Amino acid sequence: MNELARVVEALLFLSAEPVSLDRLADACESSEGEVVESLARLREHYAEGYRGVVLREVAGGFTLSTDPVAEHAARRLLAKPRTPPLTPAQAECLAIVAYLQPVSRPEIARVRGVASESAVGTLLERGMIEESGRSRFGAVLYRTTELFQKLFGLEALDSLPDVAQFDPSPGEEQELRERLLKAGEARSQS
Amino acid sequence: MNELARVVEALLFLSAEPVSLDRLADACESSEGEVVESLARLREHYAEGYRGVVLREVAGGFTLSTDPVAEHAARRLLAKPRTPPLTPAQAECLAIVAYLQPVSRPEIARVRGVASESAVGTLLERGMIEESGRSRFGAVLYRTTELFQKLFGLEALDSLPDVAQFDPSPGEEQELRERLLKAGEARSQS
Amino acid sequence: MSVGASLDLEMDLEVFQGPFDLLLTLVLREEVDLLELQLADVVLAYIDHLDRAGELDLEAATEFLVLIAALLELKSRLMLPGEDGEGLDLEPGEAADELLARMLEYRRYKSAAAFLEQRLLAESGFRYRAAPLPRELRRASLDLAEPVYDPLSLGAAIGGLLRAPPRLELDHLATPRVSLEGRLAHVRSLLGRLGSFSFDKAVEGADRVTEAVTLFALLELYKAGEAEWDQREPFGPITVRAGSNPDRGEG
């Protein structure tokens, strides 16, 4: 490993947040091209499946993390639970913010059909969403954070899958429609 | 590297403090002998002078730390003030502290009409505001820092821009603090 | 997939007695007048039902909430007065379309939520280091600080915070300053001049009441076939065009 690669490795080790290419280049007083080369070398060293630590590209930057192979032992050593799972309400609010951002609380409530204060509050507390200005009527708007990208292993926001893939299939849609109109009809005849 | 060595590497990576042999063995559910062997393997990988991170044996056990080769770059990356664009929430909180200081967190929340923990936390973390005693009700008070003045190019605190030019109703005679609190209350009710 | 049918909820209301899913169908086919249905009673019946069941079926509960919210929205739209005193009638098919659209939109985000839950679980084995920085790197160094922020942004933020939202006064409702005729004329003139425009353009600089009345005006023009509009995504921009067919059928 050359000196630049060693320095880049040390910076990623120290930094709590993913570090972008330009910040790495700036800190190392090198060109981005040189840093890219060093990262390639590091990537060889940290190739997944060989080491306990892996090099990852998330939230618009580079970072080191443990390989899941160590998860069981890490839980024993640190006595710290892994990221607690989301409740269904939190997951729905997060999905709405992730895909419709920036989005206000009333808009979230409209999609879910139910007020969503507590779930939104928890997501704010957990740092997965944050404020992003105000709507025309003064309502606070929300968007996802870098931590969200980090926790979900997303390189960037646009690496979320296309939301259309979550739509019910035309067959399911048809079925839903028929049931809406006919669910009661059968009952009224029986 | 075998799986045990990978797991040991991951554990050392995660721990801020040195980890003793017996804690490593316990977390990995292995014998101390096996862990010693894994550490020997890791030591080959982290031989000093080849990597940015080195494996050290110190008083309390084993730890990973950065090689001095990265010191200069680490200062440039991490001791350099982080100055991403302020989010609207951060800008509002910072403006409130700048103009009303010293000011408590509950007051900031009242002026904004929403809880403001996360934005205030970020400003503290970035060193733009700091604690400045407590109010008579025991709430922590905040003021801006010297770093704030440098980042905004302000020679002194009284060189903040005159609010009058941004005031939507400049005729009002009441004190700025009272007016901000009144507007905030109206916002949180709308 | 189930709609209502899974609820198995018996209603005993002033205007209707029977299972909830039958009520839903009758409402959609306009055999029960939504205006005469006390939705609060439906909600109370549902709460009783939950009490008796003794446990909360989350799946069925969210389904119910989405349905009742959609019914509320339909009903509130029926209650808005039209220019000639008539309600904004929805064909039974259209009402079902509305409900269906709401259900589909909700299902989209419910599936996306399931994806996120999975993803979080799969990612949770990748742990990041959270050790504090070595002491010498902890404080941001003043020597490395350069002016990067504009002080005027602070003044602007305070200015924004001094702006209180306009108070909602009841006198405004008694003597509306915005007339439907006025907004109709405004929208017609935009249509005539531009052919197509965005809703935002039609209400540029307008207050909340004017926005609402402009929306009514558009609904009227839509009904008369004078205008059409589309909105690609929820909360996205609304584009208004001149209508081509005064007897606009299925869209």
Side-chain angles (χ1 to χ4, degrees), chain A residues 13-16 54 56 63-71 74 78 82-83 85-86 88 90-96 98-100 103 107 109-114 134 137-138 150-154 160-161 163-168 172-173 175-177 179-185 187-188, chain C residues 1-5 18-19 21-26 28-29 58 62 65-70 73 92-93 96-97 99-100 102-117 119-134 137 160 163 165 208 233-235:
Chain A
F13 178 81
L14 284 174
S15 181
V54 291
R56 306 196 83 201
T63 186
L64 297 173
S65 86
T66 59
D67 188 292
V69 72
E71 178 56 25
L78 302 172
R82 60 165 104 197
T83 325
L86 298 166
Q90 288 161 10
E92 283 177 22
C93 291
L94 188 58
I96 293 166
Y99 281 103
L100 295 182
V103 61
E107 284 164 353
R110 192 196 65 83
V111 174
R112 295 192 61 228
V114 51
R134 293 173 186 272
F137 302 125
K150 199 169 140 182
L151 291 175
F152 287 80
L154 299 168
L160 276 172
V163 76
Q165 89 169 56
F166 299 116
D167 285 338
E172 286 171 312
E173 190 178 322
E175 189 199 352
L176 190 62
R177 191 186 158 79
R179 290 180 88 148
L180 266 176
L181 283 170
K182 291 193 186 135
E185 228 165 320
R187 285 245 195 182
S188 63
Chain C
M1 264 209 219
S2 60
V3 182
D21 53 1
L22 174 59
L23 171 66
L24 188 61
T25 309
L26 294 178
L28 291 175
R29 290 161 62 200
L58 269 179
T62 33
L65 287 169
V66 172
L67 284 169
I68 199 80
E73 191 180 314
D97 281 344
L99 259 188
L100 182 69
R102 293 290 297 269
M103 303 286 294
L104 290 177
E105 189 186 18
Y106 172 64
R107 265 158 206 266
R108 156 188 277 200
Y109 293 105
K110 202 168 107 171
S111 308
F115 162 80
L116 287 180
E117 285 180 84
R119 176 97 187 197
L120 186 63
L121 196 67
E123 283 290 319
S124 61
F126 294 98
R127 288 188 187 239
Y128 298 94
R129 196 163 176 271
L133 283 176
L137 294 174
R163 199 166 296 125
R208 242 191 256 208
E233 53 186 355
F235 317 115

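Proteins get letters first, then strands, A, B, ... in listed order; numbering begins at 1 in each. For the numbers below, each heavy atom of this structure counts, side chains included, while hydrogens, waters and symmetry mates do not. The structure presented is a predicted model; accordingly, all values stated were derived computationally and were not measured.
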Problem - Residues E105(C), R110(A); criterion side chain to side chain contact (heavy atoms under 4.5 Å, CB included); working and verdict - result: CA-CA 10 Å; E105(C) 189 186 18; R110(A) 192 196 65 83; 3.2 Å; yes
Practice task
Keeping the roles fixed (side chain from T66(A), backbone from R127(C)), state whether a donor-acceptor pair exists under 3.5 Å.
Solution key: yes
Practice task
Would you check if the side chain of S111(C) reaches a backbone N or O of D167(A) as a donor-acceptor pair within less than 3.5 Å?
Solution key: no
Problem - side chain to side chain donor-acceptor pair (under 3.5 Å) against Y128(C), all qualifying residues, sequence neighbours excluded - result: R56(A)
Completion exercise
Turns out that what part of L133(C) lies under 4.5 Å from chain A's heavy atoms comes down to side chain
Handout entry: Which portion of L64(A) sits near chain C, non-hydrogen atoms under 4.5 angstrom
Key = backbone
Do you know which two heavy atoms are closest between [X] and [Y], and how far apart they sit?
{"X": "A112(C)", "Y": "Y99(A)", "answer": "CB-CE1, 4.0 Å"}
{"X": "G125(C)", "Y": "E71(A)", "answer": "CA-OE1, 3.5 Å"}
{"X": "L120(C)", "Y": "P85(A)", "answer": "CD2-CA, 4.4 Å"}
{"X": "P168(A)", "Y": "L104(C)", "answer": "CG-CD2, 3.6 Å"}
{"X": "F152(A)", "Y": "L116(C)", "answer": "CE2-O, 3.1 Å"}
{"X": "Y106(C)", "Y": "V111(A)", "answer": "CD1-O, 3.7 Å"}

Exercise for the section: Report yes if the side chains of R119(C) and L154(A) come closer than 4.5 Å at any heavy-atom pair, otherwise no. Expected result: yes
Problem - Options A164(A), A109(A), P161(A), S15(A), ranked by heavy-atom pairs under 4.5 Å with chain C, top entry - result: P161(A)
